[in-house]
Amino acid sequence: MTAGLLNRFEKLAYFCVYIAYIVIGLYKIYALRDRILSTTDFQFADGWSLLKRSDVAPKRDDSNDELENFADFIAKFWPYYLLHAFVSSVTRWKWSYLRRPGHIAICALALGLNLHWTSMAMFGSLLVSYYLIALHARSKLYTWLLTAAWIGALNIAKTSQWWLSKVGYAEYVMLIVTLSWSLLRGCSYSFTAIGSKNLSEYLAYTMYFPCLTYGPFISYERFKQQPTGEAVSPNWSFFVALLRVVFWWLVLQWSLHYFYINYMTRDVRAVVMMESVFWQHAAGYFMGQFFFIFYVITYGLGIAFAEYDGIAAPRRPRCIGRIHFYSDMWKYFDEGLYEFLFKHIYAELCSRKSSPAAKLCATALTFSFVFIWHGCYTYVLIWSILNFICLAAEKLYKTFVSRPAYQNWSLKHFGSAGAQRLHAILATQLFIPAAFSNVYFIAGQEVGGFLMRGAYMSGIGNYLALSFCSYCFFQCSEVLLTRSTKDKKSKET
């Protein structure tokens, strides 16, 4: 049942509601800027001088540590990105056998010149341990035991004030993130290249600098399938991809002068300032959109370099405004991470022919790993549990609506278009808690809990209004999905 069964005027009405809610919600967030500035003790950064009005530049919302750390990282390491691109360009033209040694040398140079010796020791120890496991142990069990040990070590390092005082906050964050991604790369290599003695290939994979810290995760299977010659991404595609990253970075930085949505993720009082519960939902929506743009930038940068080097990189994150089933959020927002979780955890525990109970247990264990890998924090636990519940409920719902008895009944009583509307109404009730669950991950327990309570404990009128808008969002996503599916089929034929 797709939105293609609806007439064009009905579809237009859905898009009008969607766009109106977004525009009005964004305006109301903009209108809070001065009020936030006048009531908070947070010292916002000075904005761009180009945006001055009456010789006063607007303040920029610099409250998102992750975004600010990324900006500092690029400011410090941009020469190594250029050096990597230079080595890739030269070895595409000549001396292709030097590409991997060159990439390894650039990563070693970048880390060696900028990290404390304790950070280098931790990173080097992790790489050595996974290589030895792949070379000698040749066991998935030993690989998982090693991974558990490293996750435990990372959790200890996160609480070490001694180490934090030695390396500083910026390096502390950089190394924790780098080691977290390196765990997955070590697992991917160990599971795939058991017994391999190709040290150069291992280091080229685990020390691929453009994706080392800010992703995305690229499996070893993808990495080792590097084409040569004309199959490699041409220069113009690389530059276009970089320009796309720069464009979204400028858009994000500009928007932070006027929309203090990142600050709202850290201070629930700013969310309370929204004039009604109904419009507070818009704050949750834009928290997700700003989160999405950040990953379009960080993942987009890594993907641009990977494609230039001929690596079959995962696709860029799909806009959350186009996702109406939560399973698609996992599949298409972070495709590389999804592939790892599905192949090395979920598919190892069950198969298509497994019982529903086995699949449910496999899903629970997969989200247990997600919780531990992201960090054993309460808000991550809540997010993981809600993700598990929403995905399990979605699976039950899809199983129910796929039954011939239900389909015959809905078509008989409502017709094809009416059956699609009923499908959207029911599925919207899964979409709402799934969407709000993301706020726990993005903004933390306090803001996430506040918005979730606002959705379900603010009266029937509020919930009906939320359900109607969510229903329109769902239908718009269905329309876009139907059109993209048709376009893909037409290209294939």
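Of all heavy-atom pairs between A282 and I29, the closest is O-CD1, 4.3 Å. Closest approach of Y326 and L391 over heavy atoms only: C-CD2, 3.9 Å. The minimum heavy-atom distance linking S119 with V167 is given by the pair OG-CG1, 3.7 Å. Taking every heavy atom of both residues into account, F340 and S188 meet most closely at CE1-N, 4.3 Å. D61 and I261 get closest at one heavy-atom pair: OD2-N, 3.8 Å. Considering every non-hydrogen atom in both S129 and W150, the closest pair reads OG-NE1, 3.0 Å.
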Using the ring-ring contact (aromatic ring centres under 6.0 Å, His included) rule, take Y189 and Y220 through it: C-alpha gap first, then chi angles, then the decisive distance, then the call.
CA-CA 6 Å; Y189 181 85; Y220 179 65; 4.9 Å; yes

How far apart are the C-alpha atoms of L32 and F259, what are their side-chain angles, what is the distance that settles it, and do they pass the side chain to side chain contact (heavy atoms under 4.5 Å, CB included) test?
CA-CA 8 Å; L32 284 181; F259 309 105; over 6 Å; no

Trace of the side chain to side chain contact (heavy atoms under 4.5 Å, CB included) decision for D46 with K59
CA-CA 5 Å; D46 292 332; K59 294 291 185 178; 2.7 Å; yes

Criterion side chain to side chain contact (heavy atoms under 4.5 Å, CB included) on Y214 and T178, from CA distance to verdict:
CA-CA 8 Å; Y214 284 97; T178 301; over 6 Å; no

Between L111 and M120, is the side chain to side chain contact (heavy atoms under 4.5 Å, CB included) condition met? List the steps.
CA-CA 7 Å; L111 300 182; M120 289 296 296; 3.6 Å; yes

Stepwise salt bridge (Lys or Arg N to Asp or Glu O under 4.0 Å) check, K11 with E478:
CA-CA 10 Å; K11 295 176 188 177; E478 280 280 293; over 6 Å; no

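Residues T366 and F342 fail the side-chain proximity criterion, which asks for heavy atoms closer than 4.5 Å. Residues F290 and T265 have side chains not in contact (no heavy-atom distance under 4.5 Å, counting atoms from C-beta outward). In this structure, L212 and Y208 have side chains that are not in contact, with every pair of non-hydrogen atoms separated by 4.5 Å or more. No side-chain heavy atom of F238 sits less than 4.5 Å from a side-chain heavy atom of E307. Residues Y463 and S458 have side chains not in contact (no heavy-atom distance under 4.5 Å, counting atoms from C-beta outward). Residues F431 and Y471 form no side-chain contact, since every pair of their non-hydrogen atoms from C-beta on lies 4.5 Å or further apart. Inter-residue side-chain proximity for N262 and M287 is flagged as unmet; no heavy-atom pair is nearer than 4.5 Å. Residues L26 and Y258 have side chains not in contact (no heavy-atom distance under 4.5 Å, counting atoms from C-beta outward).
With hydrogens and angles left out, the side-chain atoms of W163 and T118 include a donor and acceptor closer than 3.5 Å. Y172 and S160 share no donor-acceptor pair across their side chains, judged by distance under 3.5 Å alone. Looking only at atom types and distance, the side chain of E10 has no donor-acceptor partner in the side chain of Q475 under 3.5 Å away. Side-chain polar atoms of N64 and Y263 form no donor-acceptor pair below 3.5 angstrom. Under the 3.5 Å distance criterion, with hydrogens and angles disregarded, a donor-acceptor pair is assigned to the side chains of Y299 and D334. In summary, the side chains of W181 and T213 do not present any donor paired with an acceptor at a separation below 3.5 Å, with no hydrogens or angles considered.
A distance of 6.0 Å or more separates the ring centres of W383 and F367. Checked against the 6.0 Å centroid threshold, F305 and H84 count as a close aromatic pair. Aromatic ring centres of F473 and Y18: separated by under 6.0 Å. The distance between the ring centers of F291 and Y295 falls below 6.0 angstrom.
Going from atom CG of L184 over to atom CD1 of I218 covers 12.5 Å, rounded to the nearest 0.5 Å.
With sequence neighbours left out, the salt bridge (charged side-chain N to carboxylate O under 4.0 Å, His left out) criterion links K359 to no other residue. For K343, the salt bridge (charged side-chain N to carboxylate O under 4.0 Å, His left out) partners are E221, not counting sequence neighbours. For the ring-ring contact (aromatic ring centres under 6.0 Å, His included) test, residues two or more places apart in sequence or in another chain that qualify with Y260 are F44.
A salt bridge links E394 with K398; the closest basic N to acidic carboxylate O contact falls under 4.0 Å. Salt-bridge annotation for R60 and E68: present, with a side-chain N of the basic residue lying under 4.0 Å from a carboxylate O of the acidic one. Between R222 and E339, at least one side-chain N (NZ, or NE/NH1/NH2) sits under 4.0 Å from a carboxylate O, which counts as a salt bridge. Between R266 and E446, no side-chain nitrogen of the basic residue sits less than 4.0 Å from a carboxylate oxygen of the acidic one, so the salt-bridge criterion is not met. Under the 4.0 Å criterion applied to side-chain N and carboxylate O atoms, E171 and K166 are not assigned as salt-bridge partners.
In this pair, F441 and H374 present their aromatic rings perpendicular. The plane angle is above 60°, beyond the 30 to 60° band. Ring orientation note: the planes of F191 and H344 are tilted relative to one another, at an angle of 30° to 60°. Ring geometry for H423 versus Y397: interplanar angle under 30°, hence parallel rather than tilted (30 to 60°).
The only option from F468, F278, Y285 that meets the ring-ring contact (aromatic ring centres under 6.0 Å, His included) definition with Y21 turns out to be F278.
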